[in-house]
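This report refers to the structure that appears directly beneath it.
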Amino acid sequence: ARLCELTGVKPQFGNNVSHSHRKTRRKFLPNLQTLSFFSEVLKQKLSFTAVARASRAVEQSGGIDAYLALANNSVLSRSAMKAKTLIQSKKEFVKEQGS
């Protein structure tokens with residue numbers, strides 16, 4: 001539920017430490033945002049629930065198509081994996097048509 005679809009970031013746990021050094025458990029939630037990226041290969045927008053940092057990572061890699069191509073499959077969600085396979089199959093289809 002509170003999981004980044006692109007990077008796999010999930011809530012972390014730790015302690016609140018008071019002035020008297022009493023420790024109580026707490027949860028650090030990721031900064032999840034609904035992000036939309038335009039896929040050049042699929043010619044459509046793809047929406048993901050991802051951490052704000054993922055937006056910068058996608059832009060640095062050259063777009064959602066390049067990011068998904070390089071991303072580790074173990075951290076991607078089902079919808080991101082589906083988009084990745086669609087992009088890869090479309091790229092292969094375009095290569096075959098060009099040859």
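Values below: all heavy atoms of this structure, side chains included; hydrogens, waters and symmetry mates excluded. All values reported here derive from a predicted model rather than from experimental measurement.
The hydrophobic clustering, which links ILVMFWY residues whose side-chain heavy atoms are closer than 4.5 Å, places I64 and M81 together.
No more than 12 heavy atoms of other residues, nucleotides or ligands shown are found within 6.0 angstrom of CZ on F93. The neighbour count for R25 CZ, taken as heavy atoms of other residues, nucleotides or ligands under 6.0 Å away, is above 12. No more than 12 heavy atoms of other residues, nucleotides or ligands shown are found within 6.0 angstrom of CZ on R2. Surrounding CD of Q12 are at most 12 heavy atoms belonging to other residues, nucleotides or ligands under 6.0 Å away.
Proximity of a side-chain donor or acceptor of K84 to a complementary backbone N or O of L68 within less than 3.5 Å is detected. Judged by distance alone, the side chain of S89 and the main-chain N or O of L86 form a donor-acceptor pair under 3.5 Å.
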Evaluate V58 against F37 for side chain to side chain contact (heavy atoms under 4.5 Å, CB included), listing each step before the verdict.
CA-CA 9 Å; V58 168; F37 302 102; 3.7 Å; yes
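Inter-residue side-chain proximity for C4 and P30 is flagged as unmet; no heavy-atom pair is nearer than 4.5 Å.
In terms of heavy atoms, F48 sits closest to A83 at CZ-CB, 4.3 Å. K27 approaches F13 most closely through the heavy-atom pair CE-CE2, 3.5 Å.
Applying the 4.5 Å side-chain rule to ILVMFWY residues, one finds V9, V51 in the same cluster as L32. The hydrophobic side chain of L70 is isolated, with no ILVMFWY side chain under 4.5 Å apart from it.
Sequence neighbours left out, the pairs with a member in residues 52-71 that pass side-chain hydrogen bond (donor to acceptor under 3.5 Å, both in side chains) are S39-D65. A side-chain hydrogen bond (donor to acceptor under 3.5 Å, both in side chains) check over residues 28-38, counting only residues at least two apart or in different chains, returns the pairs N31-Q33, S36-S47.
Legend: residues meeting side chain to side chain donor-acceptor pair (under 3.5 Å) with N72, ordered by chain and number and at least two apart, are S74. With sequence neighbours excluded, the residues forming a side-chain contact (heavy atoms from CB on, under 4.5 Å) with K90 are V41, L42, listed by chain and number.
A distance of 10.5 Å separates CD in E5 from CG in L46, rounded to the nearest 0.5 Å.
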